[in-house]
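So that the names make sense, note that chain A is the first sequence line, chain B the second, and so on, each numbered from 1. Since the structure is predicted, the reported quantities are computational estimates derived from the model, not experimental observations.
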2 protein chains.
Amino acid sequence: MITKRVPSETIGRLFRYFRSLSCLLREGEEIVSSKTLAEVCHIKPATVRKDLSYFGEFGTRGVGYDAASLVNKIKKIIKLDKQINVALVGIGNIGRALLKHSAFELEGFKIVMAFDNNPSKIGDTVGNVIIEDAANIRERIESSGIHLVILAVPDYATSKVAKVLQLAGAKSILSFSPCGLSMPADIQVTCIDLSVEMARLVYNSCVDYREKV
Amino acid sequence: MITKRVPSETIGRLFRYFRSLSCLLREGEEIVSSKTLAEVCHIKPATVRKDLSYFGEFGTRGVGYDAASLVNKIKKIIKLDKQINVALVGIGNIGRALLKHSAFELEGFKIVMAFDNNPSKIGDTVGNVIIEDAANIRERIESSGIHLVILAVPDYATSKVAKVLQLAGAKSILSFSPCGLSMPADIQVTCIDLSVEMARLVYNSCVDYREKV
DNA sequence: CCTACATTGTGATTGTGTTCACATTCACAT
DNA sequence: ATGTGAATGTGAACACAATCACAATGTAGG
Ligand SMILES: NC(=O)c1ccc[n+]([C@@H]2O[C@H](COP(=O)([O-])OP(=O)(O)OC[C@H]3O[C@@H](n4cnc5c(N)ncnc54)[C@H](O)[C@@H]3O)[C@@H](O)[C@H]2O)c1
Ligand SMILES: NC(=O)c1ccc[n+]([C@@H]2O[C@H](COP(=O)([O-])OP(=O)(O)OC[C@H]3O[C@@H](n4cnc5c(N)ncnc54)[C@H](O)[C@@H]3O)[C@@H](O)[C@H]2O)c1
């Protein structure tokens with residue numbers, strides 16, 4: 001039960017277990033083994049067991065894990081037992097796509113606020129959310145129970161908006177701009193940089209090709 | 001010059017160096033040190049030097065790196081000295097956002113084909129690209145010099161389309177669906193799973209909070 | 001030509017995450 | 001109640017990546 005140091009990759013995998021288990025449950029599975037879960041997630045059984053072992057003993061030796069109870073345990077661990085409230089800043093190409101993505105809600109994330117600074121967008125409804133004036137970000141986020149802010153503003157605006165979020169007491173930020181955010185250590189930041197991922201893919205496909213020739 | 005084993009993170013960072021150097025060049029810098037480059041990228045100087053050292057000796061001791069020539073060397077290394085041709089499958093929320101993102105071209109990636117299977121979308125132009133019938137994916141990709149395919153189709157269609165891409169000889173795939181792709185080892189696959197990233201952020205912000213209390 | 005200085009390039013070290021392999025434990029049949 | 005089979009839980013080994021710390025090597029100035 002005592003919290004050792006948990007690899008950060010483990011948390012990501014726990015979420016994937018959660019997703020896969022929900023799916024297996026829907027298909028009527030009641031008991032799952034680390035082997036089954038590993039196959040579904042394309043990883044090794046030992047990884048599944050070790051990941052879970054950081055948080056306790058959830059299985060029955062010789063049998064496996066009770067899918068229904070495991071999924072609840074995992075939800076608790078990764079704090080997804082309550083709905084996660086998300087705020088979105090920047091309703092452009094990416095922001096709009098996110099607002100229309102209904103699957104987030106099934107996974108426990110709900111975009112409850114959206115902001116933009118373009119007057120012609122403020123007041124519009126996208127998905128089920130009304131776009132608010134970015135000028136109000138601070139007071140709106142400060143007061144409400146927002147767990148996570150998604151940043152989808154243009155590169156040049158990113159660090160300026162990030163500073164406002166900091167003042168508003170945001171706890172974690174997911175940004176789509178090629179990073180450059182320097183935030184205090186108590187604010188979690190993740191940047192999704194598609195170009196970096198593409199560059200890696202291109203390089204790897206060239207190199208692997210070479211190795212075979 | 002001999003290729004040792006290069007960490008996969010190194011390639012991603014090389015791309016970021018490439019991006020930062022281009023920017024520094026535009027600002028008139030001619031010489032950059034590992035220290036400067038590290039500061040811009042928010043990493044440590046030793047990391048910069050080690051990353052570069054996998055591929056040769058590009059700097060001058062006591063001085064630093066010539067920005068212009070380094071950026072060209074890096075481009076060669078990560079195969080971004082020629083334009084990378086990208087095909088996009090699935091022109092929904094995400095696909096549309098990608099097509100409108102003009103910055104890709106500045107970084108060396110060009111979306112040259114787009115596919116969808118929805119008859120009402122086929123023939124439309126988004127960005128500068130005409131949406132083609134997904135039925136033609138195989139022949140179209142087979143013949144042209146596509147380096148990378150981006151998959152932005154609904155979850156249920158993902159593995160079906162992936163199989164077609166395999167037959168078409170695609171070398172690497174970037175998918176936005178929560179994975180589940182099992183491809184032969186010679187096809188590079190990366191999945192971007194926003195929910196996983198969000199889950200990690202939420203968990204970390206909760207745990208860090210606890211540690212401080 | 002030699003010295004002072006700055007910064008690179010890298011072997012050694014540390015840190016982190018994955019995988020192995022097996023002792024442990026449980027359900028069930030006999 | 002006891003043995004058998006099956007899958008867990010985990011310390012130890014391994015693999016990989018980040019960082020350190022310093023020798024190597026360049027420039028510039030006298
Ligand atoms: N679109 C893509 O496919 C794509 C791909 C990779 C990276 N990105 C990155 O994602 C980010 C967003 O991209 P996009 O294509 O959605 O941009 P976009 O220009 O379409 O949308 C940005 C939105 O932010 C709003 N905005 C600007 N300044 C603001 C401010 N200070 N406060 C609040 N809102 C503000 C604008 O009004 C606009 O609606 C960029 O950093 C971009 O580099 C986008
Ligand atoms: N939109 C988001 O913000 C978001 C966020 C996270 C993950 N995702 C994932 O990204 C993927 C795409 O999401 P989206 O919101 O863009 O979906 P979408 O439904 O808006 O678009 C999917 C497009 O693919 C087309 N399509 C369907 N089957 C096809 C086929 N066999 N061949 C070619 N085209 C086909 C559809 O006609 C549609 O245009 C999904 O897997 C989704 O889970 C999306």
Side-chain angles (χ1 to χ4, degrees), chain A residues 1-17 21 24 29-67 69-71 73-74 77 196 200 203-204 207-208, chain B residues 1-17 21 24 29-67 69-71 73-74 77 196 200 203-204 207-208:
Chain A
M1 243 318 191
I2 287 84
T3 311
K4 312 169 215 185
R5 158 126 194 76
V6 179
S8 122
E9 291 300 299
T10 288
I11 305 301
R13 282 194 298 265
L14 284 176
F15 181 82
R16 300 222 300 275
Y17 302 156
L21 284 167
L24 290 170
E29 304 285 334
E30 296 184 355
I31 302 290
V32 295
S33 65
S34 59
K35 184 151 168 289
T36 313
L37 197 46
E39 269 162 19
V40 175
C41 297
H42 299 103
I43 58 176
K44 312 224 164 169
T47 306
V48 174
R49 296 201 298 276
K50 175 126 283 201
D51 284 340
L52 294 173
S53 79
Y54 289 111
F55 299 96
E57 310 198 352
F58 305 117
T60 307
R61 295 177 191 219
V63 179
Y65 303 89
D66 178 77
S69 90
L70 183 58
V71 85
K73 298 269 178 46
I74 292 180
I77 293 168
V196 166
R200 275 224 287 250
Y203 176 85
N204 286 330
V207 169
D208 285 1
Chain B
M1 240 328 189
I2 286 85
T3 311
K4 310 168 217 183
R5 159 126 195 74
V6 179
S8 123
E9 291 299 299
T10 288
I11 304 302
R13 280 193 299 266
L14 284 176
F15 181 83
R16 300 220 300 275
Y17 303 155
L21 284 168
L24 290 170
E29 304 285 336
E30 295 183 355
I31 302 290
V32 296
S33 65
S34 58
K35 185 153 168 288
T36 314
L37 197 46
E39 268 162 20
V40 175
C41 297
H42 299 104
I43 58 177
K44 313 223 163 168
T47 307
V48 173
R49 296 202 298 277
K50 176 131 277 189
D51 283 342
L52 295 172
S53 80
Y54 289 111
F55 300 95
E57 310 197 353
F58 306 116
T60 308
R61 297 178 191 219
V63 180
Y65 303 88
D66 178 75
S69 92
L70 183 57
V71 84
K73 298 268 178 45
I74 292 180
I77 293 168
V196 166
R200 276 223 287 250
Y203 177 84
N204 286 330
V207 169
D208 285 2

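The shortest side-chain heavy-atom distance between B/V207 and A/V6 does not fall under the 4.5 Å cut-off. Counting only heavy atoms from C-beta outward, the side chains of B/Y65 and B/T36 never approach each other to under 4.5 Å. Side-chain contact between B/R49 and B/S53 is absent, with no heavy atoms from C-beta onward closer than 4.5 Å.
Note on A/S34: every side-chain N or O is 4.0 Å or more away from OP1 and OP2 of D/dA7. Contact check, B/R13 against D/dA17: no side-chain N or O comes under 4.0 Å of OP1 or OP2.
B/K35 has its NZ atom 15 Å from the P atom of D/dC20, to the nearest Å. Counting to the nearest Å, the C1' atom of C/dT16 and the CD atom of A/E9 are 11 Å from each other. Rounded to an integer number of Å, the gap from CG of B/L37 to P of C/dT7 is 14 Å. As a whole-Å value, the separation of B/Y54 OH from C/dG9 P is 14 Å. Per the geometry, CG belonging to A/D51 stands 14 Å off C1' belonging to D/dT8, to the nearest Å. Atom CG in A/L52 sits about 13 Å away from atom C1' in D/dA7, given to the nearest Å. Atom CD1 in B/I31 sits roughly 13 Å away from atom C1' in C/dA6 (whole-Å rounding). One can place CG of B/L70 at 14 Å from C1' of C/dG9, the figure rounded to the nearest angstrom.
A/T10 OG1 to B/R200 CZ: the interatomic distance, rounded to the nearest 0.5 Å, is 10.0 Å. Atoms CD1 and CG, on B/I11 and A/N204 in that order, are 7.0 Å from each other to the nearest 0.5 Å. Atoms CD1 and CZ, from A/I74 and A/R13 in turn, are 12.0 Å apart once rounded to the nearest 0.5 Å.
Listed nucleotides: D/dT10, D/dA17, C/dG9. Nearest to the side chain of B/Y65: C/dG9. Listed nucleotides: D/dA18, D/dT8, C/dT18. Nearest to the side chain of B/T47: D/dA18.
Across all strands shown, B/T10 has no heavy atoms under 4.0 Å from either base or sugar-phosphate atoms.
If you check C/dT30 for Watson-Crick or wobble pairing at under 3.5 angstrom, you find it paired to D/dA1.
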Using a cut-off of 4.0 Å between protein heavy atoms and nucleotide atoms, how would you tag nucleotides 20-30 of chain C 5' to 3' with B, S and -? BB--BBBS---

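Nearest heavy atom pair, residue B/Y54 against residue B/R5, reads CE2-O, 3.7 Å.
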